[in-house]
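Accompanying notes for the structure given below.
Note that these values count all heavy atoms, side chains included, but never hydrogens, waters or copies made by symmetry.
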Amino acid sequence: MSKDFHDQGPRRVGQVKEVTSLANPIIKDIKALTNKKSREESGTFLAEGLKLVIDAIELGWTIRTLVYAKAAKGKPLVEQMAARTVAAGGLVLEVSEKVIASITRRDNPQMVVGIFEQRWKALRDIRPRDGETWVALDRVRDPGNLGTIIRTADAAGASGVILVGEATDPFSLETVRATMGSVFAVPVARATPEEFIAWRKSAGVSIVATHLAGAVDYRTIDYRKKPVVLLMGNEQSGLPDQLAREADALARIPQQGRADSLNLAVATAVMLFEARRHLLSLAEGK
């Protein structure tokens, strides 16, 4: 990676640069963040749009680089975010629309893109308290599903998402888009199945898993007794026996009609809002 991109940090004096060439090494490094390997090596990811950039900065995420199109120059909020990026030691790039379109891989791109440091919640630090709900996803594969679940978890007031096994990357461009900014508000942890099982034994939680063999109507479960972890299976194969055995309740969502299953994100939403129904009120809404 180019030195300018890789060396960004809170102790470095921020800079502003104008870039018009697609061959610029910094632009090449930013474009490489569409690949998981580059994201892992750099520990960074892309977020598109001024709203997402503002949300991330306001929530304390570390910005490495702010990229904006020339057409956005002079807009007060863009200028504010540029100033905060420079103050944090980040790099600000003013680029042509051609460059920003190549970064986002869109014909009509957002005018602002931020490159942020990834943030993971350590599983060992998760100690759910009364009234908390966590979502655990076994080998979730689809970026759109994961992004929608993170967004839904945020909307329902869940405390976070735990990715179990080999999962899609929550910091991929597609997933971040689907979260609509909730990736910055919802903690995400990752674990092997063995680590998750070891954690649940000491976490003091009630595991409610959805399963085709579930005998319990999800609406009849008591979600108040303990902090709840909703354990959802893989899109194609569902929960493996290794994880299903850890559940305190194997639940099923009653269905009618010809469809034999629900989309994972939809099923998770149904479970989340039922598990938190006693905690949600319109009077407390925004």
Side-chain touch [X]/[Y], heavy atoms, less than 4.5 angstrom:
X      : Y      : value
Arg252 : Asp217 : no
Val67  : Ile30  : yes
Tyr68  : Val92  : yes
Leu93  : Leu66  : no

Are Glu274 and Arg277 within salt-bridge range, i.e. N to O under 4.0 Å?
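The answer is yes: the pair qualifies as a salt bridge.
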Answer yes when Glu94 and Lys17 have at least one side-chain N-carboxylate O distance shorter than 4.0 Å, and no when they do not.
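Not counted as a salt bridge, because no side-chain N and carboxylate O are separated by less than 4.0 Å.
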CG-OG1 distance between Leu137 and Thr168, expressed to the nearest 0.5 angstrom
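Reported value, rounded in 0.5 Å steps: 11.0 Å.
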Find the distance between CZ (Arg39) and CG (Leu173) and round it off to the nearest 0.5 Å.
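Between Arg39 CZ and Leu173 CG, I get 8.0 Å after rounding to 0.5 Å.
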Once the angle between the rings of Trp61 and Phe184 is folded into 0 to 90°, is it parallel (under 30°), tilted (30 to 60°) or perpendicular (over 60°)?
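Answer is perpendicular, since the angle exceeds 60°.
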Distance-only side-chain donor-acceptor flag, Arg151 / Thr179, under 3.5 Å
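No, because no side-chain N or O of Arg151 sits under 3.5 Å from a partner of the opposite role on Thr179.
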Donor + acceptor pair across side chains of Asn35, Ser38 (<3.5 Å)
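Checked: Asn35/Ser38 side chains show no N/O donor-acceptor pair below 3.5 Å.
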Which residue pairs pass the ring-ring contact (aromatic ring centres under 6.0 Å, His included) test with at least one member in residues 119-157, sequence neighbours excluded?
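Residue pairs with at least one partner in residues 119-157: Trp120-Phe171.
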Test side-chain hydrogen bond (donor to acceptor under 3.5 Å, both in side chains) on Gln242 and Glu194 and set out the steps.
CA-CA 9 Å; Gln242 178 191 21; Glu194 293 75 20; 3.3 Å; yes
